[in-house]
Every structure is written in structure tokens, then in C-alpha cells.
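Notes follow the structure.
Chain letters run A, B, ... following the sequence lines, proteins first and then strands; every chain starts at 1.
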2 protein chains.
Amino acid sequence: MARTDDRFRSAYNKLLDICTQMEVGGQLPAEAVLADRMEVSRTIIRSALQRLDTENLIQWEGRRKTLIKQPEARHRLSQSESTPTGEELEKRFLEWILRFDVPAGTALNIAQLSRQFGVPAHSLQEFLSGLSRFGLVERGSKGGWILSGFTAEFAIELSDFRLVLEMNAIRHLLSLPQDHEIWGKLKEVRAEHIALRKDLKKRYHDFSTLDGKFHATVNSVVKNRFVLEAQKLISLIFHYHYMWDKRDELERNAAAIEEHLEWIDAMLARDMGGSEEAALKHLRRSKETLLASLKNHKLA
Amino acid sequence: MARTDDRFRSAYNKLLDICTQMEVGGQLPAEAVLADRMEVSRTIIRSALQRLDTENLIQWEGRRKTLIKQPEARHRLSQSESTPTGEELEKRFLEWILRFDVPAGTALNIAQLSRQFGVPAHSLQEFLSGLSRFGLVERGSKGGWILSGFTAEFAIELSDFRLVLEMNAIRHLLSLPQDHEIWGKLKEVRAEHIALRKDLKKRYHDFSTLDGKFHATVNSVVKNRFVLEAQKLISLIFHYHYMWDKRDELERNAAAIEEHLEWIDAMLARDMGGSEEAALKHLRRSKETLLASLKNHKLA
DNA sequence: CAGTTTGTTTTTAATAATTAAATTCAATGT
DNA sequence: ACATTGAATTTAATTATTAAAAACAAACTG
């Protein structure tokens with residue numbers, strides 16, 4: 001019970017490594033030095049030393065920590081595999097919602113989900129609490145969580161929000177000087193589009209990634225934590241939809257490549273009006289596609 | 001230990017109320033009916049009935065629940081005061097940061113803060129997790145929370161983000177038809193500005209609220225959960241800064257009123273260029289004021 | 001006997017207890 | 001005098017426990 005001793009185990013094993021690189025009879029460094037080196041507290045070092053002592057690997061008297069014999073493989077402590085990171089959880093959660101088309105209003109069962117995703121219930125709660133800022137989930141009146149999206153409304157508002165952010169990015173981008181790195185990046189992305197277009201019939205699956213890269217490039221000129229955070233959610237959702245909506249994939253991607261190229265060329269020509277127009281055209285179509293895919297999913 | 005029985009206590013007291021309105025010898029309604037009426041589960045009703053039975057207030061045999069005698073004041077259970085709501089917590093937390101000028105990089109002590117704010121440590125964690133989406137706090141590498149704003153950088157990015165959102169709101173607003181309610185609202189806010197200007201020397205403190213109202217009105221035309229959520233944070237922070245930065249308050253507010261009026265008039269005249277220009281002017285000055293107030297605070 | 005109402009069991013979720021780890025401070029040895 | 005250790009205190013992650021909800025089955029009533 002109580003918290004895991006993962007930290008202790010990892011430190012103990014590292015300490016074994018240090019012992020292996022020493023001669024029998026040598027002295028281990030001071031507690032504080034060890035603690036500093038492996039980035040844990042002295043408390044943890046002391047417990048590890050104690051254990052080394054009871055295992056008769058070292059003799060510990062005051063500040064003398066003498067190595068008695070080399071540790072063997074059997075002395076190593078097994079480590080529990082690490083829990084998925086926050087980003088990993090985010091991905092899996094969105095995947096679950098989008099792929100299995102969980103309807104809006106579904107009550108989320110913390111215990112069950114935490115088992116399903118293999119994370120402690122606690123961190124799942126924290127995660128949901130974060131998502132509630134984006135209105136994807138809500139707290140129920142008497143405890144519990146309710147999935148309030150992914151509805152058509154959510155998709156519309158997300159797309160509109162994306163439109164606002166990207167239009168802003170364009171205005172920023174076009175005001176940048178000739179020698180800014182963005183122009184080189186844009187030309188690079190343009191080349192990738194053309195390469196993909198040539199070979200589209202074989203590689204049309206690759207467009208999803210390229211689409212993400214293009215939008216990320218455009219938005220990279222806006223250095224703003226709020227925009228960035230929003231962008232992360234947006235690109236995740238659009239990315240997954242590209243991945244799973246298989247209807248007319250080739251045609252859709254071919255059209256999107258043309259739209260991207262038109263947009264890129266307008267930007268490279270420093271044509272503000274043209275860029276905005278091309279962007280608007282692409283983003284509107286993107287929104288329609290997202291909505292259509294939602295409706296299609298619902299009917300299936 | 002384990003969860004509180006607040007729910008039970010409140011239900012039991014309500015049940016006493018129901019008993020008081022009955023005659024001795026009368027029958028209480030069915031469990032499910034009671035549960036439904038006071039919006040709790042039947043489980044809780046049954047425990048309450050059991051307690052009424054052992055207190056000899058009712059006689060409970062199967063579906064007969066006969067009132068034996070009227071409950072007295074001493075039968076009521078004391079209730080623990082309710083914990084502050086999420087919004088309350090948000091306000092108090094921001095107030096704490098801004099008012100006491102907590103420096104960026106401060107390690108937040110969950111236990112201490114939860115005592116200070118009088119909320120369970122658990123809900124504080126959830127709250128912080130939500131804020132981390134906005135980059136105001138961050139998880140430390142080995143557990144714990146770190147306050148990563150409120151820095152000048154944060155203020156700049158927040159202001160820039162605000163600029164993007166409000167410019168978008170203006171474009172929306174100006175495309176609305178003549179008979180939309182927004183025009184009436186704008187005229188109303190305009191009148192309030194003029195009234196305040198006339199009496200500014202006495203009432204200049206009231207500007208903070210009016211400023212919030214004006215910006216909320218402009219943004220109300222954008223129906224988008226992401227924008228709304230961001231707006232909530234933005235207005236909170238700007239609101240508190242107006243409240244606490246007392247330097248040149250009268251002059252600042254007088255200038256801001258003029259800027260607002262210029263902006264409002266341009267919008268009422270359906271003048272897109274003028275509106276954008278006026279908005280830009282006001283928002284830029286607002287940003288400078290926020291930054292200056294931060295620097296001033298730092299030196300103090 | 002059909003539909004309530006109650007009794008019981010199972011599941012879920014909130015909180016307190018528990019323990020690992022970090023931090024702090026005093027004491028000790030070199 | 002300084003570095004190092006020993007012990008005590010504080011903090012935070014997780015589990016165990018309990019309240020509440022939900023689901024199910026039996027029993028009663030008209």
C-alpha cells in the first residue's frame with residue numbers, strides 16, 4: 001500500500017552499478033554526493049546503503065562504506081514498468097473516443113477506464129480535469145464524469161477556432177523578413193507536397209502526416225503558449241480523423257494537396273489576399289470533411 | 001475515514017422536516033418516492049429510516065413506516081460547511097498569485113495551500129491540473145507543482161491572444177444584421193460609459209466592472225466554447241489587475257473610457273477599418289498597462 | 001397476477017490512513 | 001571550521017476503507 005518504491009529500486013540498481021565499477025575494499029562516496037549524482041534525496045540513498053549492508057555487499061560504519069564483494073545479477077531489484085506518460089494517455093483517450101464513436105453524454109467510468117488504459121485512477125482524474133477546460137468532458141452534478149463531446153457542434157467550434165488561429169498565423173507569417181527561416185521551411189514543405197503528388201496512388205496514406213507538418217509549420221511563427229496548446233488539441237483531432245475516415249481517401253487527399261499548394265504559393269509570393277483566400281477555402285473544406293465523417297460514423 | 005456522510009446527514013434532516021409536517025400515526029411514503037423527492041439513492045434513504053427507527057421516532061416494519069412521535073431540534077444532525085466551488089477556488093487562487101505577487105518558479109505546496117483555501121487537497125490537485133493546460137502551472141519533474149507564470153512573458157502572450165480573439169469578434173459583430181440584439185446592447189454600454197465619464201472623479205473605481213462588461217459584450221457574439229473558456233481566464237486576470245494597480249487610476253480609466261467610446265462609435269457606424277484601428281489602439285495600451293503594472297510590482 | 005415496494009448484493013467513487021521520499025536541522029567526526 | 005552523518009519533520013502518492021449508487025431478486029398488496 002501507499003506509494004510505490006520505484007524510485008528506491010532504480011536508485012538501488014544504480015548504486016549496484018557504481019559498486020561494480022569499484023574495487024573490493026574501496027570506499028563509496030558521501031551520501032550527499034551519491035544523492036546528488038543520481039538525483040534523489042539522501043533518505044533514499046540511506047535506505048539503499050542499509051540494504052547493501054544487510055545484503056553483506058558493503059560494511060557500513062558511520063562514514064565508512066567499504067565494498068566487501070562485487071554485486072551479482074541476482075542482487076538487482078526488478079522494476080515495475082513505467083506508467084504511460086500524460087501525452088500517451090491523451091492519445092489513447094482520444095483514440096478511444098473517436099475510433100469507437102463514444103456518444104456524447106456517456107458517463108465515464110473512472111475505475112473501468114483506468115483499468116483499460118492501465119493507469120492509476122488518480123492520474124486519469126487529473127487528465128479528465130485538464131480536458132474539462134476544453135469542454136470535451138464535464139463533471140456530473142453528483143460526482144463522476146460525463147463525456148460532453150465529440151459532437152458535430154464541438155467539431156464546428158473547433159474548426160472555427162482553428163480558422164481564427166491560422167488566419168492570424170498567416171498575417172504574422174507574411175510580415176516576416178526575407179531572411180527568416182520560415183521561407184526555407186515553406187519551400188521544403190512545398191517540395192514534399194509535389195513529391196507526394198507524383199506518387200500519390202501508392203503513398204496516399206502519408207498525407208495525414210504531411211498535413212500535420214504543414215499546419216505545424218504555418219503555426220510555428222506564432223510564439224504563444226495559448227495558441228500552441230489549442231493547436232495541440234486541434235491537430236490531434238484532425239490527425240485521427242484523417243487516419244480513420246477511409247472514404248474517398250485518395251480523392252480527398254489529392255484535392256487537399258492542391259489546396260495546400262495554392263496556399264503555399266500565395267504565401268511565397270507574399271500575396272496576402274490570395275493567401276487568405278486559399279487558406280479559407282482549404283479550412284472550410286476541411287471542416288466540411290470533418291463534419292461529413294462524423295455524420296457518416298453516426299449512421300454506420 | 002473514507003468519504004464523508006454529508007449526503008446522508010442532509011437527507012436525514014430533510015426527512016425530519018417531512019416527519020414534522022405529518023401527523024403522529026401517519027405513514028411515510030415508499031422508499032423510492034422519498035429517494036426521488038430528495039434526489040439521493042434509496043440506500044441513503046434506508047440508512048436514514050433505520051436511524052429514525054433506532055431513535056424511536058418511527059416504527060419500521062417492512063413497508064409500514066409509522067410516525068411514533070414528532071422529531072425535536074436535538075434530533076437534527078450537524079452539517080459540515082460546504083467546500084468552496086470550483087469557480088470560487090479559481091478566484092481565490094488567482095487572487096493569491098496576483099495580490100501577493102508570487103514569483104514564477106515557486107514550488108506550490110499542496111498541503112499548505114489546501115489548508116489555506118480550505119479545500120480538500122484532492123480538488124486542489126484537479127484544479128491545478130486544469131490550469132496547467134493554460135501554462136500557468138507545471139508539474140515538477142519529480143512530483144509537485146511549480147508556478148510557471150505570472151511572468152511578463154505570460155502577460156504578453158495573454159494580451160496577444162486576447163488581441164486575436166477580440167479582432168475576430170469585431171469582424172463577426174460587424175457582419176450581424178441591423179435587428180440583432182447586439183446593437184441595442186452596445187448602445188446601452190455606450191450610455192453607461194458616458195454616465196461614468198460625467199461622474200468619474202467620484203466613481204472611477206466602477207470602471208473595472210464596466211470594462212469587463214464591455215469586453216464581454218463584444219465577445220458575446222462569438223459562440224465558441226474554446227473562445228469562451230479563454231475569455232474567462234483573460235477577463236479574470238485583467239479584472240484583478242484593474243482592481244489592484246492603483247497608480248494613476250483616475251487618469252488611466254479616463255483614457256480607457258475615451259478609447260472604448262471611440263471603438264464603440266466606430267462599430268455603431270459599421271466602420272470596419274475604424275473599429276479595428278480603435279480596438280488595436282485600446283488593446284495595445286491595455287497590454288502596456290498590464291506590463292507596466294507587473295514591472296512596478298516587481299520593484300516594490 | 002401484475003405492478004409496486006422492499007431486501008440484498010454488487011459496483012463505483014471519495015476520502016483518510018499509510019508509507020515512500022524529500023527536506024530540514026542538529027550533532028558528530030575529521 | 002567544514003563536511004558529513006543521524007534523526008526528526010514535512011510532504012505527497014497510493015491503497016484501503018467506507019458512503020453512496022445501481023442492479024437485481026424476492027415479497028407483498030390491491
(request) Specify the residues of residues 43-54 of chain B, ordered by number, for which at least one heavy atom lies under 4.0 angstrom from an atom of DNA chain D. (result) B:Thr43, B:Ile44
Looking only at side-chain N and O atoms, does [X] come under 4.0 Å of OP1 or OP2 in [N]?
X       : N      : value
B:Ser41 : D:dA20 : no
B:Arg9  : D:dA19 : no
B:Lys65 : C:dT5  : no

(request) Please name the residue in the list B:Leu52, B:Thr20, B:Ile58, B:Leu28 that meets the side chain to side chain contact (heavy atoms under 4.5 Å, CB included) test with B:Leu67. (result) B:Ile58
Please state how far atom [atom1] in [X] lies from atom [atom2] in [N], giving the value in whole angstrom units.
X       : N      : atom1 : atom2 : result
A:Glu61 : C:dT28 : CD    : C1'   : 16 Å
A:Asp36 : D:dA3  : CG    : P     : 14 Å
B:Glu39 : D:dA20 : CD    : P     : 16 Å
B:Asp5  : D:dT17 : CG    : C1'   : 14 Å
A:Phe8  : D:dA13 : CZ    : C1'   : 17 Å
B:Arg7  : C:dT15 : CZ    : P     : 12 Å

(message) Any carboxylate oxygen within less than 4.0 angstrom of a Lys/Arg side-chain nitrogen, looking at A:Arg76 and A:Asp17?
(response) yes
(message) Tell me whether the count of non-hydrogen atoms from other residues, nucleotides or ligands lying under 6.0 Å of CD in B:Gln70 goes above 12.
(response) yes
What distance do [X] atom [atom1] and [Y] atom [atom2] have between them, rounded to the nearest 0.5 Å?
X        : Y        : atom1 : atom2 : answer
B:Phe161 : B:Leu233 : CZ    : CG    : 9.5 Å
B:Arg7   : B:Thr43  : CZ    : OG1   : 11.0 Å
B:Asn13  : B:His75  : CG    : NE2   : 12.0 Å

(request) Mark yes or no for whether B:Glu157, through its side chain, and A:Arg225, through its backbone, hold a donor-acceptor pair below 3.5 Å. (result) yes
(request) Examine distances only and state if a side-chain atom of A:Ser235 and a backbone atom of A:Gln231 form a donor-acceptor pair shorter than 3.5 Å. (result) yes
(message) Protein within reach of the bases, or only the backbone? For nucleotides 23-30 of chain D, mark each nucleotide 5' to 3' as B, S or -, using heavy atoms under 4.0 Å.
(response) B----BS-
(request) Check the pair A:Arg162 / B:Phe226 against side-chain contact (heavy atoms from CB on, under 4.5 Å), numbers first and verdict last. (result) CA-CA 10 Å; A:Arg162 183 198 204 193; B:Phe226 305 100; over 6 Å; no
